[in-house]
2 protein chains.
Amino acid sequence: MPIDPNGPVPLYQQIADYIRQLVAAGVFRSAEALPSLRALAVQLAVNPNTVQRAYDQLEREGLVYARRGLGLFVAERGAELARNKSQEALYQTFMQAILAGKAAQLSGEKIGAIFQRALAGADVKARNQ
Amino acid sequence: MPIDPNGPVPLYQQIADYIRQLVAAGVFRSAEALPSLRALAVQLAVNPNTVQRAYDQLEREGLVYARRGLGLFVAERGAELARNKSQEALYQTFMQAILAGKAAQLSGEKIGAIFQRALAGADVKARNQ
DNA sequence: TATACTGTATTAGTAAGCTAATGCAGTAAT
DNA sequence: ATTACTGCATTAGCTTACTAATACAGTATA
């Protein structure tokens, strides 16, 4: 698991994002236990509270539920929620960016063109990895 | 000028963004003076240093240049740079969002569809204002 | 019941970023 | 030279957010 202690995005956020991806991809099946706080904390060389905070966030999103003494489990529709969450986040990001572009006097067509260029660029980037 | 002392985005950033828009729109013509640090600071009820920081950023971007004792002026190709800057920022934002979407197992088509929905949504939003 | 594992809560330290106070330095006009 | 304007630099206060230390509480098993 790729964790970068430096860099702008907080550790707990990186962890939450990564776990969310795994849940969305179905790596953890419904009602299957996720790694325990401390286990993951040791593996990532991070304080348990930091993992806790990530798990907290995922629980608030409804992806997982925690049982004290037992562990953490993927919620019934956890995978589906995770996918919806990703899409919603993407939509919000796009919306904000588009509004910023409009504020900068860019037309909808121009904004669309820039997006298409980025989409193509992302493909190339993915191919080179 | 709409400045929100609360809210997540720092004052100096709001100021810089707004001035950049004005420069992009050609409100200030080349070599024409912008409001002085203190004048703008008074108008916005903000510390001069905060405006200074915004102007600093715009100068680093090459949009304007400062002359001590004289004031701040729009650079030769300032308006053009401002427009390019906006497009480049938009491209970067799109790129990051797209990569996040791909990481979340979303296909390029799906990502494109979400973007189109956001673009349409932004139009509606603009119409209602 | 003792042990060893789970998650939870409280508190504190630390670092980064933003804003402001104050004084310095250059220009121009009276 | 004085005055009144420009931008610039240094420093400090303040807030916020992140991370960590530590202790508490529930569950299962030997």
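In what follows, every chain begins at residue 1, and chains take the letters A, B, ... in the order their sequences are listed.
Of all nucleotides in DNA chain D, those with any atom nearer than 4.0 Å to a heavy atom of chain A start and finish, going 5' to 3', at D:dC18 to D:dA28.
Summarising the hydrophobic clusters (Ile, Leu, Val, Met, Phe, Trp, Tyr; side-chain heavy atoms under 4.5 Å, direct or chained), the residues clustered with A:Val9 are none. Cluster partners of B:Leu70, by chain and number: B:Tyr65, B:Phe73. The rule joins Ile, Leu, Val, Met, Phe, Trp and Tyr whenever side-chain heavy atoms lie under 4.5 Å apart.
Looking at A:Gln105, its side chain never comes within 3.5 Å of a backbone N or O of B:Ala24 through a donor-acceptor pair. Looking at A:Glu59, its side chain does come within 3.5 Å of a backbone N or O of A:Ala66 through a donor-acceptor pair.
When the shell of 6.0 Å around NZ of B:Lys102 is examined, it contains more than 12 heavy atoms from other residues, nucleotides or ligands.
Scored by the ring-ring contact (aromatic ring centres under 6.0 Å, His included) test, A:Tyr91 finds no partners at all (sequence neighbours excluded). Remark: A:Tyr55 pairs with no residue by the ring-ring contact (aromatic ring centres under 6.0 Å, His included) rule, at least two apart or across chains. With sequence neighbours excluded, no residue satisfies salt bridge (Lys or Arg N to Asp or Glu O under 4.0 Å) with B:Glu76. For the side chain to side chain donor-acceptor pair (under 3.5 Å) test, residues two or more places apart in sequence or in another chain that qualify with B:Gln52 are B:Asp56. By the side chain to side chain donor-acceptor pair (under 3.5 Å) test, B:Arg38 pairs with no residue at all, sequence neighbours left out.
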Check nucleotides 26-30 of chain C against the protein and report each pair of N or O atoms closer than 3.5 Å, with its distance, or say if there are none.
none

Check the interface with nucleotides 2-4 of chain C: list each N/O to N/O pair with the protein under 3.5 Å, or write none.
none

So which protein nitrogen or oxygen atoms get under 3.5 Å of nucleotides 11-15 of chain C's nitrogens or oxygens?
none

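Residues A:Glu88 and A:Gln92 bring a donor and an acceptor atom of their side chains to less than 3.5 Å of each other.
When all heavy atoms of A:Gln14 and A:Asn6 are compared, the pair lying nearest together is NE2-O, 4.3 Å. Here the closest non-hydrogen pair linking B:Asp4 and B:Leu11 is O-CD2, 4.0 Å. Across every non-hydrogen atom of B:Leu40 and B:Val51, the tightest pair is CD2-CG1, 3.9 Å.
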Exercise. Sugar-phosphate means primed atoms, P, OP1 and OP2; the rest is base. With that split, encode nucleotides 16-21 of chain C 5' to 3' as B, S or - using protein heavy atoms under 4.0 Å.
Key: --BBBB

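Between A:Lys85 and A:Asp17 there is no salt bridge, since no side-chain nitrogen of the basic residue lies less than 4.0 Å from a carboxylate oxygen of the acidic one.
A straight line from CZ of A:Arg60 to C1' of C:dG7 spans 15 Å, rounded to a whole angstrom.
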